[in-house]
Number of protein chains: 2
Amino acid sequence: MKSDPVNMEVESERRPATAYEVAELAGVSQSAVSRVFTPGASVSATMRAKVLDAAQQLGYRPNLVARSLITRRSSLIGVAVPGTANPFYQAALDALSTSFARIGYRVLLFTSDPMAGSDPILDEVLRYRVDALVLISTSLSSHFADECLQLGLPVVMLNRKTDSDSVSSVTGDNRRGAKELAAFLLAGKHRRFAYVAGLEHSSTSRDREAGFLEGLAERKVRHVERVVGNYSTADTESAVRTLLSSATPPDAIFCANDYMALVAINLARAEFGLQVGTDLSIVGFDDIEMARWPIFGLTTYSQPVELMVRRVIQVVERQLSTAAAPAVQHIVDGELIVRGSARIPQTGVVRSADHWIWRSRKRSDASR
Amino acid sequence: MKSDPVNMEVESERRPATAYEVAELAGVSQSAVSRVFTPGASVSATMRAKVLDAAQQLGYRPNLVARSLITRRSSLIGVAVPGTANPFYQAALDALSTSFARIGYRVLLFTSDPMAGSDPILDEVLRYRVDALVLISTSLSSHFADECLQLGLPVVMLNRKTDSDSVSSVTGDNRRGAKELAAFLLAGKHRRFAYVAGLEHSSTSRDREAGFLEGLAERKVRHVERVVGNYSTADTESAVRTLLSSATPPDAIFCANDYMALVAINLARAEFGLQVGTDLSIVGFDDIEMARWPIFGLTTYSQPVELMVRRVIQVVERQLSTAAAPAVQHIVDGELIVRGSARIPQTGVVRSADHWIWRSRKRSDASR
DNA sequence: CTGAAAGCGCTAACAT
DNA sequence: ATGTTAGCGCTTTCAG
């Protein structure tokens, strides 16, 4: 029930104040207002005070839409993330959002269908004139990649890559990680191996499979059971069910990522009454937070999310500043984290920070 | 090595084509181009074909920034989500992103510090002229809420609410859910109860606590051990550790959400060797996907994310269309899902769809 | 149905 | 240091 005139106009629904209105109130030019709200501009203290005061009164907030139109920079980063329950994506998205915020960018999110490519929505997102695109575990057509290249729009893939090296990527060391896991399993005296693949078209799953087979082949192991989990709960369950129902079930299973490994552990225990780590070894890839929950104690090869995101940001920043900076394929190191879900070899396990890690002979020879 | 003039310009890095350029190529006016790309406009087939063709050649994409400037609608929804590992948030965000996309909106994400309020970043996000704000488990100052109200900006809180009813909210039935969990635990003949609170300032945690105490009080149980988990892994671990180390540890623990309940189950098993569901009962709230993993089998009160998100969207749409539509506080029904993490009462458990649920006498009397 | 013209709210030369 | 002016790329009256 206030009735003083100053508040009156505020009571009713009003459109946001403009710089022009602030200028009028402060008795200065509109460009002066603009300068006060532009970081690197030169304004006298008096002017700043007057403007800030007027702005305060009107609840003025610079319109970034208008600013974007003229600067051609939106300070928006388009981020694609697959619509699945995989905690690794959540962690990556979180880190991206937080890190980009620190350097003045916001994340424009689009949830991609993990099965389909991301082109259709990407196209939509380009209309918003995002300053860069980050694709978490999502692929894009080379046609689209070319278009982005021509537009000078930085694109970086996180946890995925393309055959062409014209698009930047940041991935874990899929090949070596998988190879080490193979060596680890071999050292643990396992005999019958199985691989649970992710999505068939995912470079990550393919690289991990290749590394795994390679590691196994070095010790003359040729036969590896192969099933497909598609990174989904349901598919992984039936895949693992198939594996374990076999007449000669595997004694070591490598899942293309931790999420599937967790699903596998669950199933092995609940449906087959298996003691994971003893009766059956299961390993994954990622080292998501839940992997270290005692109940799972998953042995896995780590992908340091924070570090990977930092790399993504570096790449984006470089491409943004340098006109045609070349695309780069970053591979971030990981470690084979030893926990209880797989039989532990006699040798090679060492303490590192707050966990145990394992290194194959070959690698530890080549000291850093 | 193409050299035809048409492609030449496309080869080099070029700024996006404008409607004006398309118009020129097509030999029509710029407004004609605009019309072709505006859903409800009237254009002849000939015109549309000419324009579309030219647009195709130039790779034209309407600039939504420019469009927003004039229409004053960005088709952006600001969404705040706490930066924690809680899978419930991920599920909610996923559903929001997907559902909003279907009606033409994109999500502008900002990760909020779960401890702090969301005001600082919200202010930042308003500069982007988002069409609405959705806060997932995040609170905002009443001052800020007022400002949004005056701007006619729809704000809806998901899984959180304020004391003031001037801001819309969609929540689960925290009070009743917690009360039923109390009744369930009572029916299971438990004697010593404990509550693991979430963040102290969270309405959700407070409501659940109140409901729990109320349900217990109806059967004259006055003493409830209380610890605080802050929805975080570390705090929950030490809170539960305290509880279980006590001389007279509880035989029933209600955690303010599923995530903390999962952490509690882990800890009880790993550190105390307890058989959860037999030695100790633990229940949660949310019914996240992992709650039904056999390894956890968490008894919990459900919050149907999809439905809640649908409500959020309804509220947003109404506020967007009707100028000053009143704020509403939606409460979405849930069910007490019975699994193995808590002792099961002799009566009251019934089959519903693909799971077991439990209803207190009082409630089942009042048939629908 | 189509074109011309006037801005949306702001930044960026260019003067002063 | 401050004001003036000219757009950014689009939508939207308003004529024709």
Side-chain angles (χ1 to χ4, degrees), chain A residues 14-52 54-55 58-76 104 124 126-131 151-152, chain B residues 14-52 54-55 58-76 104 124 126-131 151-152:
Chain A
R14 227 182 109 30
R15 54 161 73 162
T18 69
Y20 184 78
E21 291 163 357
V22 174
E24 219 166 23
L25 211 188
V28 301
S29 80
Q30 185 268 325
S31 34
V33 177
S34 172
R35 285 189 186 100
V36 170
F37 287 92
T38 303
S42 57
V43 238
S44 70
T46 336
M47 164 80 23
R48 162 163 280 115
K50 269 195 299 188
V51 170
L52 251 24
L58 298 176
Y60 172 72
R61 246 180 285 267
N63 184 335
L64 294 192
V65 174
R67 179 191 302 213
S68 299
L69 185 56
I70 190 160
T71 60
R72 298 163 199 289
R73 314 200 331 91
S74 61
S75 56
L76 253 33
E124 171 64 24
L126 279 202
R127 294 168 147 74
Y128 286 96
R129 298 298 190 262
V130 292
D131 291 340
L151 287 168
Chain B
R14 225 183 110 29
R15 55 161 72 163
T18 70
Y20 183 77
E21 291 164 358
V22 174
E24 218 166 22
L25 211 188
V28 301
S29 79
Q30 184 268 324
S31 28
V33 177
S34 172
R35 285 190 187 99
V36 170
F37 287 92
T38 304
S42 56
V43 238
S44 69
T46 335
M47 164 76 40
R48 159 161 283 115
K50 269 194 299 189
V51 170
L52 251 24
L58 298 176
Y60 172 71
R61 247 181 284 268
N63 184 335
L64 294 193
V65 174
R67 184 196 300 230
S68 299
L69 186 56
I70 190 160
T71 60
R72 297 162 198 290
R73 314 198 335 88
S74 61
S75 56
L76 252 33
E124 171 64 24
L126 279 202
R127 293 167 147 75
Y128 286 96
R129 297 299 189 262
V130 293
D131 291 340
L151 287 168

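In what follows, chains carry the letters A, B, and so on, assigned in the order in which the sequence lines appear, proteins first and then strands, with residues in each chain numbered from 1.
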Inset, instruction - Identify, between Ala17(B) and Met47(A), the residue whose nearest nucleotide on DNA chain D lies closer to the 5' end. - result: Met47(A)

Inset, instruction - Consider the side chain of Arg35(B), meaning its heavy atoms from C-beta on, and name the nucleotide among dA4(C), dT11(C), dT2(D) that approaches it most closely. - result: dA4(C)

Legend entry - Gap separating the CZ atom of Arg73(A) from the CG atom of Leu76(A), nearest 0.5 angstrom: 11.0 Å

Legend entry - Shortest non-hydrogen separation from Ser74(B) to Tyr128(A) and the atoms involved: O-CE2, 3.5 Å

Legend entry - d(CG, Leu58(B); C1', dG9(D)) in whole Å: 15 Å

Legend entry - Nearest atoms (heavy-atom pairs only) where Leu151(B) meets Arg61(A): CD1-NH2, 4.2 Å

Legend entry - Distance-only donor-acceptor test (3.5 Å): side chain Ser31(A), base dT5(D): no

Inset, instruction - Would you classify Phe37(B) as touching base, sugar-phosphate or nothing, given that sugar-phosphate means primed atoms plus P, OP1 and OP2, and contacts are heavy atoms under 4.0 Å? - result: nothing

Inset, instruction - For Val65(B), answer base if it contacts any base atom (sugar-phosphate contacts may also be present), sugar-phosphate if it contacts only those atoms, and nothing otherwise; contact means non-hydrogen atoms under 4.0 Å. - result: nothing

Inset, instruction - Using atom types as modelled and distance alone, determine if a side-chain donor or acceptor of Thr38(A) lies under 3.5 Å from a backbone N or O of Ala41(A). - result: no

Legend entry - Phosphate OP1/OP2 of dG9(D): any Thr18(B) side-chain N/O under 4.0 Å: no

Inset, instruction - Looking at every strand, decide which applies to Val33(A) at a 4.0 Å heavy-atom threshold: base, sugar-phosphate, or nothing. - result: nothing

Inset, instruction - Look at the side chain of Arg72(A) and the backbone N and O of Leu69(A), then say whether any donor-acceptor pair between them is shorter than 3.5 Å. - result: no

Inset, instruction - Specify the separation, in whole Å, of atom CD1 of Ile70(B) and atom P of dA6(C). - result: 14 Å

Legend entry - Presence of Tyr20(A) side-chain N/O under 4.0 Å of dG3(D) phosphate oxygens OP1/OP2: no

Inset, instruction - Quickly work out the Arg61(A) CZ to dC10(C) P distance and round it to whole Å. - result: 12 Å

Inset, instruction - For Arg127(B) and dT11(C), give me the distance from atom CZ to atom P, rounded to whole Å. - result: 11 Å

Legend entry - Closest to side chain of Asn63(A), choosing from dG3(D), dG9(C), dC10(D): dG9(C)

Inset, instruction - Any chance you could measure Thr18(A), atom OG1, to Glu21(A), atom CD, to the nearest 0.5 Å? - result: 3.5 Å

Inset, instruction - Please work out if Ser34(A) contacts a base, only the sugar-phosphate, or nothing of the nucleic acid, heavy-atom cut-off 4.0 Å. - result: base

Legend entry - Whole-Å gap separating P (dC8(D)) and CD (Glu21(B)): 11 Å

Inset, instruction - Would you mind classifying the nucleic acid contact of Thr71(A) as base, sugar-phosphate or nothing, using non-hydrogen atoms under 4.0 angstrom? - result: sugar-phosphate

Inset, instruction - Please state how far atom CG in Leu64(A) lies from atom C1' in dC8(D), giving the value in whole angstrom units. - result: 15 Å

Inset, instruction - Determine the contact category for Ser44(A): base if any of its heavy atoms lies under 4.0 Å from a base atom, sugar-phosphate if only primed atoms, P, OP1 or OP2 are that close, otherwise nothing. - result: sugar-phosphate

Legend entry - Side chain of Leu69(B) (C-beta onward), nearest among dC10(C), dG3(C), dG9(C): dG9(C)

Inset, instruction - Whole angstrom is fine here: how far is it from NZ in Lys50(A) over to C1' in dA1(D)? - result: 12 Å

Legend entry - Residue Gln30(A), side-chain atoms from C-beta onward, closest of dC10(C), dT2(D), dC10(D): dC10(C)

Inset, instruction - Whole angstrom is fine here: how far is it from CZ in Arg72(A) over to P in dG9(C)? - result: 20 Å

Legend entry - Earlier contact from the 5' end, DNA chain C, for Ala32(B) and Thr38(A): Ala32(B)

